[in-house]
Amino acid sequence: MIFIGVSMSRSITEPINEVTKFANKISQGIPQQSIMVTSKDEVGILATAFNNMVRRLQESYATLEQKVAERTKELAEKTEEAKNSERAALNIAADLKVEEGKLSEEKTKAENLANDLKKFKLALDNTSDQVVITDPEGTVVYANASVEKITGYAPEEALGKKSGALWKSPMPLEYYQNFWHTIKELKTTFIGEIQNKRKNGELYTAVISVSPVLDEKGDILFFVGIERDITKEKQIDTAKNEFISLASHQLRTPLTAINWYSEMILGGDAGKLTKKQKGYFNEVYTASQQMNDIIKSFLNILRLETGTQTKNLVPVDLAAVSKSVLTELHLQAERKKLRILEKYQKLLPSVMTDADLTRVILQNFVSNAIKYSRDDGEVSISLEFVTKGGAADGKTATEDSVLTAVHDSGIGIPENVQDKIFSKFFRADNAKKQDPNGNGLGLYMTKIMVEMIGGQIWFSSKEGEGTTFYLLLPKEARRVV
Ligand code: ADP
């Protein structure tokens, strides 16, 4: 215990003051230094106790500070982590939004596609033409509603069956060989007329177009066949053809008489004619000749169009045919003072073809070349062998062939009508001016005849400069139905 008195010496009061000040300091915060009281009395003990307390306090404070720092660091790290997680979450959300957008785009696309397909199927189902899709073996995998209207078989009945076994066609074997060769080997579209049988046994005529659908490797995925029933049109056609045939034959008899008597009168059999009479009878004779030509063309077209024109394939020497045509037409050529050139390749092989049809084709080419030449012009006929794959003036020969080219330096064919040249009755204006007597049937017939013998026909021409007509005939006879 400390005893305090006025007389107390400084050595006693000073330490007490020091301790009191120190106690005050402690009440305001933890002092940094210790108290320096070294006496061994109670004040000294108190000071030592204060010092110990302060040291412990300092230690605890330091530990606390360290913990606070650690905790703060931890918290900061956690906050950063949380921020990162938040950022990641935001990124994921953004990605999800993009994915969602893509998905909805894909969904819309799929829906549109499904709608298109629906519309497409609806259109196919309701088209008046028969549409059949088969696998590469000819088994029906789709048939539209018109199949029933045309054949009598419901689409469900047709599915899974071979198309050939359904509408048993009476077409010849040759037709089918050509059909399969075209769509399976050449892998191109087959277009042709066919006779098929309906479910009730009735025969009908149709135009068919069958195309192979290929994958990227060129293998056949399936065939799409479109068929149009043309039975009624055929019947009308037959009736029309019968009428033309009858009318033509009926017209021929009086025409022969007009021709015959005109020739006799012009030949002086009925006495001498005045110049005027001769002129009139010449007109009658030319007109009756023209009419005769038209009737002959009509009858030829009838034969070609109705398929009654026969063909007889034999080895034909095209150079010999060309020479004979030129001999036949030499008077016309001489009248116009034309120079005729013949360019025949040596050792030209014969071609398997119909001699008569080939002759008519060359006759048409040469007579047109003469007809549409100007006086003193030049007409040339060339014949050359073209091997399979070889170039034949703008075309490629698909087999060993002979190319005939008839060239003239005449009026040419105007560019804007070149696509009409093989149409029935078509004549270009410059041709009508040059020779009013044509009928526009020659090239139409020629094209049909060329197709009958399995050849190809085309031309190149420049108005005012000249024309070349080409005929490419395969060396071996091609199957043509
Ligand atoms: P046509 O000679 O009786 O008029 P074609 O059927 O033989 O009938 O020919 C049809 C048309 O093709 C002719 O009217 C003519 O316009 C054109 N043509 C054919 N060959 C030639 C040619 N060598 N030069 C110019 N035009 C031609």
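As the structure lists them, so they are numbered: ligands from 1, and atoms in each ligand from 1.
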Non-hydrogen atom of [X] closer than 4.0 Å to ligand 1:
X      : value
Gly412 : yes
Phe365 : no
Gln434 : no
Asn439 : yes

(message) One thing to verify: whether Arg228 and Glu233 come together as a salt bridge, which I'm taking to mean a side-chain N less than 4.0 angstrom from a carboxylate O.
(response) no
(message) Does this structure show an ion pair linking Asp237 with Lys234, if we count only N-O contacts that are shorter than 4.0 Å?
(response) no
How far is [atom] from its nearest protein heavy atom, and which residue and atom is that?
atom                    : answer
atom 23 (N) of ligand 1 : Asp408 OD2, 2.9 Å
atom 16 (O) of ligand 1 : Ala428 N, 3.0 Å
atom 21 (C) of ligand 1 : Tyr372 CD1, 3.4 Å
atom 17 (C) of ligand 1 : Ile421 CD1, 3.7 Å
atom 5 (P) of ligand 1  : Leu443 N, 3.6 Å
atom 26 (N) of ligand 1 : Ile413 CG1, 3.3 Å

(request) Could you tell me whether Phe426 approaches ligand 1 through its side chain, its backbone, both or neither, with non-hydrogen atoms closer than 4.0 Å? (result)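 Phe426 to ligand 1: backbone contact only, side chain stays beyond 4.0 Å.
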(request) Kindly identify the option in Gly440, Gly466, Ala431, Ser409 whose heavy atom sits closest to atom 8 (O) of ligand 1. (result) Gly440
(message) If only side-chain N and O atoms count, and only distance matters, is there a donor-acceptor pair under 3.5 Å linking Thr134 with Ser163?
(response) no
(message) Distance alone, cut at 3.5 Å: any donor-acceptor contact between the side chains of Gln289 and Asn259?
(response)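 Yes.
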(request) May I ask you to check whether Tyr444 has an N/O atom sitting below 3.5 Å from an N/O atom of ligand 1? (result)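 Not met; the criterion fails.
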(request) Indicate the ring-plane relationship of Phe179 and Tyr176, choosing parallel, tilted or perpendicular according to the 30° and 60° boundaries. (result)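 Phe179 and Tyr176: perpendicular rings.
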(message) Can you classify the ring geometry of Phe365 versus Phe469 as parallel (below 30°), tilted (30 to 60°) or perpendicular (above 60°)?
(response) tilted
